[in-house]
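Let me begin by presenting the structure, written as structure tokens, before commenting on it.
Naming: A, B, ... by sequence-line order, numbering from 1 per chain. The figures that follow rest on heavy atoms only: side chains count, while hydrogens, waters and symmetry mates do not.
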Amino acid sequence: MKLGYVKMENRLKENPQKKIEKIQECPECSSEHVSKDYHRGELLCENCGLVIDDQYIDDGPEWRAFDAKQKEKRSRTGAPMNYLSHDKGLSTQISWKNKDAYGRTIPHKNRGQIYRVRKWHRRIRVSNATERNLATALRELDRLSSKMGLPRSIRETAAMIYRKAVEKNLIRGRSIETVIASSLYAGCRKCDVPRTLTEISNVAQADEKQIGRAYRFLSRELQLKLLPTKPENYLKRFCSKLDLDRNVVNKGENIIEQANKLGLTSGKGPTGIAAAAIYISSILEGDPRTQRAIAEVAGVTEVTIRNRYKEIAEEIGITIET
DNA sequence: AAGACGAAAGTGGTTGA
DNA sequence: TCAACAACTTTCGTCTT
């Protein structure tokens with residue numbers, strides 16, 4: 001597992017993702033008119049025309065609105081475009097019943113015609129290899145995410161990433177299961193609700209190593225620009241799995257924040273940090289959990305928890321007397 | 001007996017020559 | 001391509017409650 005944890009300073013130096021996230025002004029002319037051109041997938045300066053980033057992933061709606069009135073007009077009713085369905089949820093459904101739109105039975109002399117329409121409709125819907133690929137992939141995505149209880153928004157994000165991968169022909173030589181699992185992993189991270197690779201590989205039809213490899217490949221090729229996961233994002237989930245209450249979460253967040261300030265978290269595995277914070281705070285809040293139990297839900301070893309919590313406790317100046 | 005502790009060796013990936 | 005390396009794991013014997 002482990003995608004490797006790089007010191008943040010290095011990561012930012014070599015790939016200044018943060019800068020791109022936050023960018024407000026053009027590095028060339030310092031104009032503040034930087035906008036996202038969704039149509040071409042570019043981040044560009046409207047003043048001097050500099051393309052700041054040409055790999056911008058479109059996370060907005062598929063239409064543009066220039067004022068509130070237009071927005072209202074363009075936000076159409078009906079189902080939105082939906083990345084979870086291989087045809088984006090916009091396809092026509094033809095019922096198998098021999099009834100017309102008014103519920104009347106279709107006369108026999110037209111039956112043959114209807115059958116032919118249905119047949120072609122079916123063929124067109126899943127027309128080429130790409131569409132068929134998407135169809136199976138999205139079924140698998142659905143299976144994974146419902147097994148893991150992930151919300152719809154994450155499924156959509158994952159589906160969008162997968163779609164991009166298909167479009168760029170990145171699936172060749174990799175199994176659908178592996179790529180869909182890694183898209184899901186990426187989607188979770190993008191939505192700030194990270195799952196570990198281990199958690200995903202437990203329900204996926206692919207092993208952890210391959211998912212990790214596929215993920216690295218995707219994030220490089222699609223320029224996903226995902227920051228290393230933050231321990232805070234794991235905290236709540238682990239705490240609830242351990243049946244710990246709100247104060248422990250708060251305390252844990254507090255501990256992580258302090259550790260961050262002291263530079264203790266850089267280059268360390270986020271799950272380990274989260275686990276250590278939980279260990280400390282559960283003791284401080286008088287509802288201790290064993291290292292063993294925490295290690296289990298966090299997917300790290302007790303040894304790691306020990307190492308982390310020692311470092312943190314020492315630096316923060318917390319002494320744990322048992 | 002359960003939990004915590006820590007030393008030592010092993011693992012898989014990154015980095016830099 | 002390869003060795004050095006950091007983080008983390010596995011394993012195991014010891015100490016503490």
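In this structure, of B:dC5, C:dC8, B:dG13, it is C:dC8 that holds the atom nearest to the side chain of A:K268. Comparing B:dG13, C:dA7, B:dC5 by their nearest atom to the side chain of A:K310 picks out B:dC5.
Residues satisfying the side chain to side chain donor-acceptor pair (under 3.5 Å) criterion with A:D207, sequence neighbours excluded, are absent altogether.
A salt bridge links A:E199 with A:K241; the closest basic N to acidic carboxylate O contact falls under 4.0 Å. Ion pairing between A:R308 and A:E311 holds under the 4.0 Å rule for side-chain N and carboxylate O.
Nucleotide B:dG6 holds its C1' atom 14 Å from the CZ atom of A:R308, rounded to whole Å. Here B:dA7 presents its P atom at 10 Å from CG of A:N307, a figure rounded to the nearest Å. In this structure, CG of A:L197 is placed 19 Å from P of C:dA7, rounded to the nearest angstrom. Rounded to an integer number of Å, the gap from A:Q291 CD to B:dC5 C1' is 8 Å. Rounded to whole angstrom, the span from the CZ atom of A:R289 across to the P atom of B:dA2 amounts to 18 Å. When rounded to the nearest whole Å, the span between CD of A:E311 and P of C:dA6 equals 14 Å. Rounded to whole Å, atom P of B:dG12 lies 21 Å from atom OH of A:Y215. Atom C1' of nucleotide B:dA4 and atom CD of A:E296 are separated by 17 Å, given to the nearest angstrom.
Closest approach of A:P231 to A:A274, counting heavy atoms only: O-CB, 3.7 Å.
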Review item, nucleotides 10-14 of chain C N/O atoms under 3.5 Å of protein N/O:
none

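Taking 4.5 Å as the limit, every side-chain heavy atom of A:L262 sits out of range of all side-chain heavy atoms of A:I312. For the pair A:I255/A:Y279, no side-chain contact is recorded, criterion being any heavy-atom separation below 4.5 Å from C-beta on.
Residue A:Y309 places at least one side-chain N or O under 4.0 Å from the OP1 or OP2 atom of B:dC5. Contact between the side-chain N/O atoms of A:R213 and the OP1/OP2 oxygens of B:dG13 is not found at any separation under 4.0 Å.
Under 3.5 Å, the side chains of A:R289 and A:S282 contain no donor-acceptor pair of N or O atoms.
The environment of CZ in A:R292 is sparse: at most 12 heavy-atom neighbours from other residues, nucleotides or ligands sit within 6.0 Å.
When base pairs are accepted only as Watson-Crick or G-U wobble with both N-N or N-O distances under 3.5 Å, DNA chain C takes part in stems of 3 or more pairs at B:1-11 with C:7-17, B:13-17 with C:1-5.
To the nearest 0.5 Å, atoms SG (A:C188) and CE (A:M148) are separated by 6.0 Å.
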